[in-house]
Amino acid sequence: MRQSPQGIASDITKKIEDPLIEQVEAVGPYVNIFLDKSVVSTNVLKTILKEGSNYGQSQIGQGEKIVLDFSSPNIAKPFSMGHLRSTVIGQSLANIVEKVGFQSVKINYLGDWGTQFGKLIYAYKLWGDENKVRQNPIKELLELYVKFHKEAEANPQLEDEGRNWFKKLEDGDEEAHQLWDWFRDESLKEFKKIYDLLGVDFDSYNGEAFYNDKMANTINQLKERELLVESDGAEVVSLDEFDLPPSLIKKRDGATLYATRDLTAAIYRQNQYQFKQAIYVVGHEQSLHFKQLFLVLQKMGFTWAQNMHHVPFGFILKDGKKMSTRKGKVVLLDQVIQEAIELAKENIDDKNPSLENKEKVAEMVGVGAIIFHDLKNDRLNNVEFSLEDMLRFEGHTGPYVQYTHARAQSILSKYAAEPKVNDGVNDDESWPVVKRLHQFPEVILKSYIEYEPSVIAKYLIDLSQAFNKYYGKVKILHDDRQLDDRLALVESTGIVIKDGLRY
RNA sequence: GUCCCAGUAGCUCAGCAGGAUAGAGCAACAGCCUUCUAAGCUGUGGGUCGCAGGUUCGAAUCCUGCCUGGGACGCCA
């Protein structure tokens with residue numbers, strides 16, 4: 001059927017017929033199809049009103065489990081902007097995955113082990129003040145850590161002592177262990193405050209320390225399968241056949257490494273949860289590590305390793321550079337959130353002073369702004385840290401979307417009636433809104449397939465824009481034959497925005 | 001050196017399983033609140049889609065090479 005595109009177009013045009021379609025015409029190589037607005041909008045609105053917040057749901061997950069590894073901050077350190085991305089993206093993906101019918105298992109793989117804790121324990125013993133730490137744990141511990149590094153530059157012996165204390169910790173020394181436990185508890189309390197604010201929760205807080213006594217078994221399994229090769233005094237798994245550098249399992253001194261722990265954690269999680277997929281929301285600088293990790297698991301004969309995915313994201317940069325944790329120069333998430341809420345409050349006092357429960361709204365707007373700012377762009381883009389951008393409330397922002405929702409609700413509250421759909425809406429003004437409402441299930445699906453929350457964020461902006469234009473042009477509360485249908489449109493928009501903002 | 005990611009308006013970014021005149025937001029300028037929340041809406045200006053080739057009826061989108069920026073490449077995590 002070798003024909004000109006124009007010819008094909010006009011042939012197709014003659015053959016299309018469907019109740020949804022009003023008119024078809026061929027323009028050059030294109031076939032333009034005009035849908036019947038009344039029929040389509042009636043369908044869409046009825047579906048949304050009926051399904052409510054279930055609209056867009058699907059069952060492709062069939063109740064299987066997906067394990068998501070995200071957030072994973074280091075204890076005894078402040079929650080930085082860098083961890084925000086993993087946290088927000090991870091939580092969002094968990095919600096998306098649930099929406100398409102999976103069961104999510106959210107794991108916070110805390111960075112709670114390593115030489116750094118030896119150093120911290122030693123620093124605490126040298127300079128620490130119990131009361132101060134109790135009052136403001138993270139801040140105090142960070143100061144101790146920073147001080148340690150500063151002093152260690154002049155006095156390298158400190159480093160040895162630090163390593164020593166870590167050794168004690170590993171050997172189960174009681175004093176060391178008590179301090180470690182305490183630091184961990186205090187840190188978790190602080191983190192949970194932030195998680196509450198962000199609306200994030202976890203099913204497991206098993207961090208690195210949890211796997212300490214389980215790594216020997218992993219190493220045995222590697223040995224049994226004859227995968228461990230000696231190289232330069234260290235033990236590695238070769239990945240030559242994949243054209244990749246080998247994965248280091250044991251250091252020359254016999255100590256284990258990151259990779260060993262991650263292998264162990266993966267195997268443990270598979271046994272524990274029988275997950276269908278495992279998703280790691282970790283910065284893109286670790287791409288190679290995860291590639292290696294998954295391949296080693298496959299070499300060990302674990303076929304489920306094929307369903308493990310690294311979901312990378314870009315950095316948050318400061319002046320074009322990665323933000324460094326070391327010298328205490330981090331921007332604390334806590335402060336940023338407080339500032340955002342403050343600003344939201346000012347805005348409310350300024351623009352909407354009569355509002356009830358201002359505090360609550362300010363919190364929703366402030367936090368919403370920060371989360372949305374993080375989700376709206378492609379995961380992989382690096383973002384330059386800018387308070388100004390984060391706290392912006394106009395244009396492509398969370399508050400814009402929330403505001404749109406508030407407008408919709410406001411209309412509905414003025415006209416309390418059972419929503420119903422009669423003949424649908426068929427004017428040109430409402431059509432863009434209808435079209436977008438119709439797209440929602442597809443958008444959810446796409447965000448799942450790509451593991452990309454920004455798909456939904458962009459959609460919400462788009463929908464809000466369409467709705468605000470409609471709102472500007474059409475008087476909704478105008479008593480005529482289409483009043484019910486317009487209200488149904490407003491309500492449907494509200495439902496979709498509200499649901500969409502959950503992700 | 002090898003590998004990965006990015007380069008689209010002054011700025012921040014969409015678009016990229018190829019399709020019509022490349023779209024938003026911010027910033028600038030000009031309008032719109034006796035009427036559903038102006039955190040909104042309408043309009044104006046602003047582009048060699050990094051560069052060069054190739055595939056195709058058709059390329060911002062696919063392929064190759066180059067340039068620029070970021071990242072990763074064994075005893076940190």
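Bear in mind the structure is a predicted one, so any value in this text is a computation, not a measurement. In the text below, chain A, chain B and the rest are named by the order of the sequence lines, each starting its count at 1. The figures that follow rest on heavy atoms only: side chains count, while hydrogens, waters and symmetry mates do not.
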Using a heavy-atom cut-off of 4.0 Å across all strands, would you classify [X] as base, sugar-phosphate, or nothing?
{"X": "A:D378", "answer": "sugar-phosphate"}
{"X": "A:E208", "answer": "sugar-phosphate"}
{"X": "A:V236", "answer": "base"}
{"X": "A:R392", "answer": "sugar-phosphate"}
{"X": "A:L288", "answer": "sugar-phosphate"}
{"X": "A:D389", "answer": "nothing"}
{"X": "A:S410", "answer": "base"}

Looking only at N and O atoms, is any donor in the side chain of A:N381 or the base of B:A14 less than 3.5 Å from an acceptor on the other one?
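Side chain to base: no pair below 3.5 Å.
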Rounding to an integer number of angstrom, what distance separates [N] and [M] when you compare their [atom1] atoms?
{"N": "B:C66", "M": "B:U2", "atom1": "P", "answer": "9 Å"}
{"N": "B:G10", "M": "B:G46", "atom1": "C1'", "answer": "9 Å"}
{"N": "B:C3", "M": "B:C49", "atom1": "C1'", "answer": "27 Å"}
{"N": "B:A20", "M": "B:G40", "atom1": "C1'", "answer": "32 Å"}

From A:K77, A:R184, A:R261, residue fulfilling salt bridge (charged side-chain N to carboxylate O under 4.0 Å, His left out) relative to A:D112
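Going through the options one by one, the only one that passes is A:R184.
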Does B:A24 have OP1 or OP2 sitting under 4.0 Å from an N or O in the side chain of A:K376?
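Answer is no, no contact under 4.0 Å.
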B:C76 OP1/OP2 closer than 4.0 Å to side-chain N/O of A:K251:
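Yes.
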Can you check each nucleotide of nucleotides 39-45 of chain B against protein heavy atoms at under 4.0 Å and return B for base, S for sugar-phosphate only, - for none, in 5' to 3' order?
BSSS---
For A:P246 and for A:V27, locate the closest nucleotide of RNA chain B by heavy-atom distance; then report the residue assigned to the nucleotide nearer the 5' terminus.
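Counting from the 5' end, the first nearest nucleotide belongs to A:V27.
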Quick check on RNA chain B: between A:I476 and A:I461, whose nearest nucleotide comes earlier from the 5' end?
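Mapping each residue to its closest nucleotide by heavy atoms, the 5'-most match is A:I461.
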Check every atom of B:G15, B:A24, B:G74 against the side chain of A:H396 and return the nucleotide holding the closest atom.
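Nucleotide nearest to A:H396's side chain: B:A24.
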Side chain of A:K458 (C-beta onward), nearest among B:G15, B:A20, B:A77:
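It is B:G15.
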Parallel, tilted or perpendicular: which describes the rings of A:F70 and A:F202, with under 30° parallel and over 60° perpendicular?
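It falls in the tilted class, 30° to 60°.
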Are any of the side-chain heavy atoms of A:V281 and A:F313 separated by less than 4.5 Å?
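Touching, per the 4.5 Å side-chain cut-off.
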With the side chain counted from C-beta on, respond yes when A:L460 and A:Q402 share a heavy-atom pair under 4.5 Å apart, and no when they do not.
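The answer is no; the side chains never approach within 4.5 Å.
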Take A:Y400 and A:F393 through the test ring pair (Phe, Tyr, Trp, His ring centres under 6.0 Å) and record every step on the way to the result.
CA-CA 6 Å; A:Y400 173 77; A:F393 289 175; over 10 Å; no
Nearest 0.5 angstrom please: A:S72 OG to A:I107 CD1, how far?
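The distance works out to 9.0 Å.
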For A:Y109, does the six-membered ring have the charged nitrogen or CZ of A:R269 within the cation-pi criterion, i.e. under 6.0 angstrom from the centroid and within 45° of the normal?
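That pair qualifies as a cation-pi contact.
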